[in-house]
Each structure stands twice: as structure tokens, then as C-alpha cells.
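Per chain, numbering begins at 1; letters A, B, ... match sequence-line order.
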There are 2 protein chains.
Amino acid sequence: MRITLKRPALGKSAPRSLVDELCETLAKRIRRDLGKGRSQLPTERELAVEFEVSRTVVREATKRLELQGLLEVRHGIGLRLVDKLHAPLNGALELLLPDAGQRLRQLTETRRVIEPELARLAAERAKPEHLRAMRRTQQQLEKAVDTAEAIDADVEFHRLIAAAAGNGILELVLKSLGELGRESRRATIAVTGSKLVHEHHAAILKQIEQRKPQGAFDAMARHLAAADRDLNDHFVKQK
Amino acid sequence: MRITLKRPALGKSAPRSLVDELCETLAKRIRRDLGKGRSQLPTERELAVEFEVSRTVVREATKRLELQGLLEVRHGIGLRLVDKLHAPLNGALELLLPDAGQRLRQLTETRRVIEPELARLAAERAKPEHLRAMRRTQQQLEKAVDTAEAIDADVEFHRLIAAAAGNGILELVLKSLGELGRESRRATIAVTGSKLVHEHHAAILKQIEQRKPQGAFDAMARHLAAADRDLNDHFVKQK
DNA sequence: TCGATGCAAGAGATCATACCACTAGGAATG
DNA sequence: CATTCCTAGTGGTATGATCTCTTGCATCGA
């Protein structure tokens, strides 16, 4: 099964390089293969033969695909497919706001803009499997044996709300914010313990289950305002 | 002036490749150089000499930097610095939502979640230079001689509100949405003409100038609801 | 004098080859 | 059975060569 790249067109229009072509072809293949449960691409050498290009072109393409959050390239192992489309945004935000304090402030504010609306949409749109997953995550939060597990459950609960809201763009943004903000959640949970987080989540979940958009909005707004205060408290204590 | 990359550490921790190191170093340099008005990096050959690595490493790094929205690599010309940190998000969203119709719906919804809040924040935080720039963009919208110019001014007005809001994360997201949604603005403006867009913008700007957060929020929400309806009208007409 | 054409230098793009460093699995050893 | 070692295969890097594109300059013709 031989797939041939479009060789760059000759002419006055901007030429498309082999690397560009290969990136696009592989990105689509990766998205399709992920949906089928595949976990690896062929090796660089195999791809070079398959697409009839040099290994240079393959390597340059894979560097791009890595940055796009589609591939993990491991020395000696090969090319592993991943589904991390939010990862480019992580990198961009770190470059945009190199100062961690400033980044955190804006990150928190962004969450306060986005997440109450996501909770509202989730109350309108959540399916039974979303609700089940939220309840399961609440149990994980309750049983968490250390802060890392509590953070995982916290982040996941919020991501599930975004998923239930049915807007992939906002979900992707929230995934990025979740990863960038892991350290701040560590601080928040250190101040309040995970018990209070669990209670706030329960209040939000209840409004979603009862299909009350405004109630969900308000509960999420309260939760984030409290988290904001806790985070400020934590920073004040550190000075 | 010789800057040396950290050669990958030998040992049990995950080794950092030369490409990783060079990407990070160049990303920081690019951000700094952009702030100083520089527009080009040295050539690939020069960078290879400067950092004492092969040209292969340089090329792989530049492919990444291109994807990050930091560089434009032009055949025969060299490596031009750019400031497009939103560009990675464009690519991610196109991969996440390949169907243009679905992407447009979610994009529109995302704007309706984000932009009224941005208008609220702008009413609280806008500086005189933000307001001047908004007025200038309104003039550009009024004088626009074709749809492309009108779209440019429309997108820019919204971006300025995001800038005035003072949240770089939301501004970056909005830049991405602005570019992804250019075609839908073409459709909207085709339905209503740019005159109505100009009026809506004027109403928003007035609330911001008068420092009325809730007024700005409401005006922006109305503007986006109207645009949403116009877009739906356009699609109904096409069926 | 101005516009068109051609050429050369320098830029990135691709190829090929060689070698290095890491990883995992299988075989050997205690 | 557990540990250690070795090997094959993987990605990482270097080098040299050639190709293709872009721009600026020189020349020629009207």
C-alpha cells in the first residue's frame, strides 16, 4: 500500500514543501488511527520508504507533529501516537506570559470567564454517561491518597463539565489551563483540603443533574471565586 | 558572541535532545528580538556555526518554531521573526474539528461565552490608547472599500477589546477564533452590510468609554446574537 | 533614461551516507 | 528465578552534495 505525496507544484503559487505535505498527510492519518486504537506510527526509515522521501523530510515532519501534540518521539522506541491537541496552547501561553505569577492570575481569570458558562451548558446538555463519569471522579477525589491524586480528580471533574458542555474548543482551552494550573491547584488544596473542593463539586453536579443552567452557573462561579480567594490567601501567607 | 547549548546530560533522567535545547533557546531569543524590532534570525548555516551543531539540528528546530508561530521560513530568503502565538491553536482546532460547519458553530458559541466578558473587562480597564485605537478601527470599518478590509477592521475591533481587557490568554484565543472565522464574517457582512456592524461596534464602544461594564457586556452579547442570527440566515438562504 | 532580461550569489530544501546513543527483549549466568 | 549482558532496531546527529528559489545587479535594447 503505497501513498504518494503531492510533489510540490511548479509554478508561481507559493510552493508547498515535502515537509508540509507529509505533515498534513500524517496528521490526518494519526487522527484516524487514534480513533481505531492504534498506538504507533511506522519507523522513520519505514515512512521514508513509504512516502519516497528522505529521512530528513520525515524527521522534520515528526518534529512538527510532536509540537502539535499528535506524536511522542522516543529515542530507541519509535513514534507513539498521542491525543494532546491542547499541548500547543500550553507552549504558546508559556511563551506569551513567561512570568508565572502573571500567567497564573490571567489563567484564573480566564477560568472565571469560561467555566460558569460551561457549567450552564453542561446543565443543558449533559448525557447520562457524563453524569456517571462526574460521579466517579467525585469518588476518586474523595478517596485520593495524596495531593497529586486529588489534583488529577479535580482537573478531570472540570474537564468533564467542559465535555458535557459539548464545545470542543472550550474543552481544549480548559485542558490547557488545567495543565498549566496544576501548581496553583496544589496550593489551593493545601489551604482548604480536598474536602471543600469535593463539596463545591457536589453542589455544581447537583445543579447539572437537576438541569438548572443558572444554578450550575452560580455554583461554579462561587467555587471559582472561593478558589481564587484561597489562592490569594496562600500567596499572602508566603510573603 | 558564542552561545553554547547545554549538551544533553548523560544519565538516567530523560535526555534532552539538541533540537529541544535549540528550540527553547531560539524561542526566547525570538521573543526578545521581536521586542527590539529585529525581523530576521541568522541563516541556518550561521546558526549551525554559532551553536556548534549540524544544520540538521537547526532545520528540525526551525520547523518546530515555525509551527509555534515564532518564525516564517521562506525558501531563498531566510528566517523571518513573526508574532503569531495564536497560530498553534488555529492548527489544533482545525484538527480537532475538521468539519467546517461544526467548527463554525462551536467557534460562534465560544465567542458568545468569551466576548461579552471581555467587553465588561474592557469597560473597567481600557486605557486612552485602547480607546483611540478602537475609534481608528471604526473609521477603517466605515471607509472599507471591500469586504476583506471590512473583515480586517471587524476582527481588529474585537481584538482591541480583548487587548483592553488585559487578559493575554483570552486575547490569544480570540485572535485564533478571529482568523478561523474569517469566512463566517464574510457571510455575515454579506447579509447585513458593514454599516450595521459599525453601529453595533459604536454601541459597544460607547459603553466602554462610559466605563459601564454591564452595559458593555450587554451590547456585545446583543451584537454577537445578531451576528449569529445573520449567519444562520445566510446558511438557510444557501439551502 | 527606463524597462526588460539574464546571471550569479546566497538562501532554504532535499538527498544520501555514516556513525552515535538509547531501548527493549532475549539469552546466559549465578 | 532473578540479574546481567548483548544485540538488533530505534531515534539523534553530523557531513557533504546537489537542487530549487529569491533577489539584486549588470547589461542590453527601445
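As rounded to whole Å, 13 Å separates atom P of dA13(C) from atom CD of Glu60(B). When the C1' atom of dA11(C) is taken as reference, atom CG of Leu71(B) falls 15 Å away, rounded to whole Å. The distance from atom CG of Leu22(B) to atom P of dG12(D) is 15 Å, rounded to the nearest whole Å. Atom pair Arg16(B):CZ and dT13(D):P shows a separation of 12 Å (rounding to whole Å applied). If you take CG of Leu18(B) and P of dC22(C), they are 12 Å apart, rounded to a whole angstrom. The distance between atom CG of Leu79(B) and atom P of dT22(D), rounded to the nearest whole Å, is 15 Å. If you take CD of Gln40(A) and P of dG11(D), they are 9 Å apart, rounded to a whole angstrom. Note: CZ (Arg45(B)) to C1' (dG12(C)) measures 7 Å, nearest angstrom.
For Arg55(B) against dG16(D), a side-chain-to-base donor-acceptor contact under 3.5 Å is absent. In terms of polar N and O atoms assigned as donor or acceptor, the side chain of His75(A) comes within less than 3.5 Å of the base of dA21(C) in a complementary pairing.
Between the Glu46(B) side chain and the Thr43(B) main chain, a donor and an acceptor come within less than 3.5 Å of each other. In this structure, Glu66(B) contributes its side chain and Glu72(B) its backbone to no donor-acceptor pair below 3.5 Å. Looking at Arg185(A), its side chain never comes within 3.5 Å of a backbone N or O of Ile151(A) through a donor-acceptor pair.
Counting any heavy atom pair closer than 4.0 Å across all strands shown, Arg74(B) reaches sugar-phosphate atoms only and no base atom. At a threshold of 4.0 angstrom between heavy atoms, the contacts of Thr56(B) include nucleobase atoms, whether or not backbone atoms are also involved.
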| task | Carefully, step by step, assess Ser176(A) and Asn90(A) under the rule side-chain hydrogen bond (donor to acceptor under 3.5 Å, both in side chains). | result | CA-CA 6 Å; Ser176(A) 181; Asn90(A) 295 10; 2.4 Å; yes

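Listed candidates were dA13(C), dT13(D), dA16(C). Nearest to the side chain of Ser17(B) is dT13(D). Between dG12(C), dT13(D), dG12(D), one nucleotide has an atom nearer to the side chain of Arg59(B) than all others, and that is dG12(C). Nearest to the side-chain atoms of Val19(B) among the listed nucleotides dC15(C), dA13(C), dT13(D) stands dT13(D). The side chain of Ser54(B) has dA14(D) as its nearest neighbour among dG12(D), dA14(D), dT10(D).
The aromatic rings of His201(B) and His158(B) lie perpendicular to each other, with more than 60° between the two planes, well past the 30° mark.
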